[in-house]
Amino acid sequence: MPKPTHLAALGVATEVPATPGTPAAPTMWVPWKTCTPKDIVTNNEDKGVRGAPVEVFGIVQGQKGSTLDLGGDLLADSFGHVLAGILGDVVVTGAAAPFAHAFSVLCTGDTQGVSKTWTIVDPNLGAWQYPGIRLNEITIKWNADGLVEWSAKGDGWTFVTLASPPAPTQGNLRPFANWTVTTKLAGVQIGVLDGELSIKRKVDVIRAANGTQNPVSVWGGDISVEGKLTTIMEDSTQRAVYQASTVQSLDVALSQGAGAAANGLALHCSQIYYPEASPSPSKDYWELPLSFKAVASAADAGASGGYSPIKATLTNALPAGTYK
């Protein structure tokens with residue numbers, strides 16, 4: 001008999017920094033729309049000739065691993081685990097709720113994103129833990145309709161089963177309506193028909209002959225930020241910015257609630273430029289599609305100093321230590 005997917009819950013937890021890849025039981029639950037694991041098992045074929053006209057005489061199992069594709073509506077609590085999992089530097093301010101969690105590129109120590117265990121709990125099939133996950137890409141999308149959405153991809157160790165998973169407890173925060181999003185270029189608000197911002201990181205799954213089928217390390221390299229904005233072309237300001245190769249700031253903000261219940265996300269890139277910006281007459285009004293890339297800046301760096309192409313600040317009622 002088939003098993004329903006809608007009963008499955010997705011959990012996440014921060015691993016002990018000294019032992020990435022050691023599974024951690026879920027501490028937060030994440031409403032999901034995409035939750036696609038891929039189990040990686042390497043099989044080595046035995047092709048040694050044995051006096052018979054056949055190609056394969058057996059298999060010897062090699063190394064293992066996993067990848068995850070995740071996504072859903074953006075919530076101002078669980079999305080912090082996604083940001084920490086790719087950027088690594090987390091600074092928390094506030095004496096009481098709401099707290100501000102600022103995420104930037106970690107520029108000291110191992111410079112890695114925070115290693116996470118993602119757990120899929122299904123009441124019919126059991127619980128699968130994917131430890132040692134480091135994210136290689138996250139994308140935030142918004143437009144005029146619907147809800148703000150996120151997606152992420154990551155690499156990690158092979159899955160293990162969790163015999164006695166905790167009961168899923170979902171939070172009570174609401175997702176963000178797209179119409180509430182404000183986008184500013186050089187501090188000036190613009191009309192955006194649809195937008196997306198991606199944080200990408202080169203991730204190497206390092207394998208060695210060391211007595212284990214799991215990777216030696218899932219290692220994050222350089223980080224970049226890029227995206228697209230389809231704007232209403234009300235004047236030629238941004239076209240002139242492109243023509244002059246001018247660097248300017250980008251701010252994307254979403255917020256809701258008040259007082260201790262206030263929650264939101266602010267994405268700030270001090271420096272972006274346009275690789276492409278050409279007017280489009282495809283509608284009954286002019287559009288200006290913009291592609292952008294961020295330039296790393298000391299102004300967007302966190303406590304570790306150095307440079308970062310973005311500072312993402314999440315506001316919620318969760319205290320320091322929640323994401324790292």
Show the numbers, then the answer: is there a side-chain contact (heavy atoms from CB on, under 4.5 Å) between W157 and V218? CA-CA 8 Å; W157 291 27; V218 180; 4.1 Å; yes

Are the side chains of [X] and [Y] in touch, meaning some heavy atoms are under 4.5 Å apart?
X: F79; Y: L265; result: yes
X: I133; Y: L68; result: yes
X: L87; Y: I199; result: yes
X: Y323; Y: V92; result: no
X: I272; Y: V247; result: no
X: L254; Y: W142; result: no
X: D46; Y: V56; result: no
X: N210; Y: V216; result: yes

Can you check side chain to side chain donor-acceptor pair (under 3.5 Å) on T34 and D69, steps first, answer last? CA-CA 7 Å; T34 300; D69 284 0; over 6 Å; no

Assess the side chains of [X] and [Y]: does a donor N or O sit below 3.5 Å from an acceptor N or O?
X: N263; Y: D77; result: no
X: K116; Y: T14; result: yes
X: N178; Y: N143; result: yes
X: E15; Y: S115; result: yes
X: D39; Y: S66; result: no

Just by distance, do the side chain of [X] and the backbone of [Y] share a donor-acceptor pair under 3.5 Å?
X: S249; Y: S270; result: no
X: T322; Y: P319; result: yes
X: K153; Y: T67; result: no
X: T212; Y: N214; result: yes
X: T231; Y: M233; result: no
X: Q112; Y: G220; result: yes
X: R201; Y: I223; result: no
X: H81; Y: V30; result: no
X: S104; Y: D300; result: yes
X: Q129; Y: A24; result: yes

Would a single hydrophobic cluster contain both [Y] and [X], if residues Ile, Leu, Val, Met, Phe, Trp and Tyr are joined by side-chain heavy-atom contacts under 4.5 Å?
X: V203; Y: Y130; result: no
X: V91; Y: L106; result: no
X: L173; Y: L83; result: no
X: V12; Y: V121; result: no
X: W286; Y: I190; result: yes

Derivation of the side-chain contact (heavy atoms from CB on, under 4.5 Å) call for L250 and T183: CA-CA 7 Å; L250 167 69; T183 305; 4.0 Å; yes

Between L10 and L70, does a side-chain contact (heavy atoms from CB on, under 4.5 Å) hold up when you go through it step by step? CA-CA 10 Å; L10 177 64; L70 304 170; 4.0 Å; yes

Give, for atom [atom1] of [X] and atom [atom2] of [Y], the distance between the pair rounded to the nearest 0.5 Å.
X: L290; Y: T230; atom1: CG; atom2: OG1; value: 8.0 Å
X: L229; Y: E287; atom1: CG; atom2: CD; value: 12.5 Å
X: I232; Y: Y285; atom1: CD1; atom2: OH; value: 6.5 Å
X: C269; Y: E226; atom1: SG; atom2: CD; value: 11.5 Å
X: D73; Y: F176; atom1: CG; atom2: CZ; value: 11.0 Å
X: C35; Y: D122; atom1: SG; atom2: CG; value: 10.0 Å

Do other residues, nucleotides or ligands put more than 12 heavy atoms under 6.0 Å from the [atom1] atom of [X]?
X: N124; atom1: CG; value: yes
X: K33; atom1: NZ; value: yes
X: N43; atom1: CG; value: yes
X: K311; atom1: NZ; value: yes

From CA spacing to verdict: side chain to side chain donor-acceptor pair (under 3.5 Å), D89, S304: CA-CA 7 Å; D89 190 313; S304 61; 2.6 Å; yes

Do NZ/NE/NH1/NH2 and the carboxylate oxygens of D155 and R134 come within less than 4.0 Å? no

Identify the two heavy atoms, one from [X] and one from [Y], that lie closest to each other, and give their separation to 0.1 Å.
X: E196; Y: K141; value: OE1-CE, 3.5 Å
X: L75; Y: P175; value: CD2-N, 3.3 Å
X: G80; Y: L314; value: N-CD2, 3.4 Å
X: A262; Y: P98; value: O-CB, 3.7 Å
X: L288; Y: S278; value: CD1-C, 3.6 Å
X: P131; Y: G21; value: CB-O, 3.4 Å

Show your reasoning for whether side-chain contact (heavy atoms from CB on, under 4.5 Å) applies to V192 and V181. CA-CA 9 Å; V192 173; V181 180; over 6 Å; no

List the atom pairs, donor and acceptor, that lie under 3.5 Å between side-chain atoms in residues 237-244 and the rest of the protein, sequence neighbours left out.
residue	atom	partner	partner atom	Å
T237	OG1	D235	OD1	2.9
Q238	OE1	Q248	NE2	2.7
Q238	OE1	Y274	OH	2.5

With sequence neighbours left out, the residues meeting salt bridge (Lys or Arg N to Asp or Glu O under 4.0 Å) with E137 are none

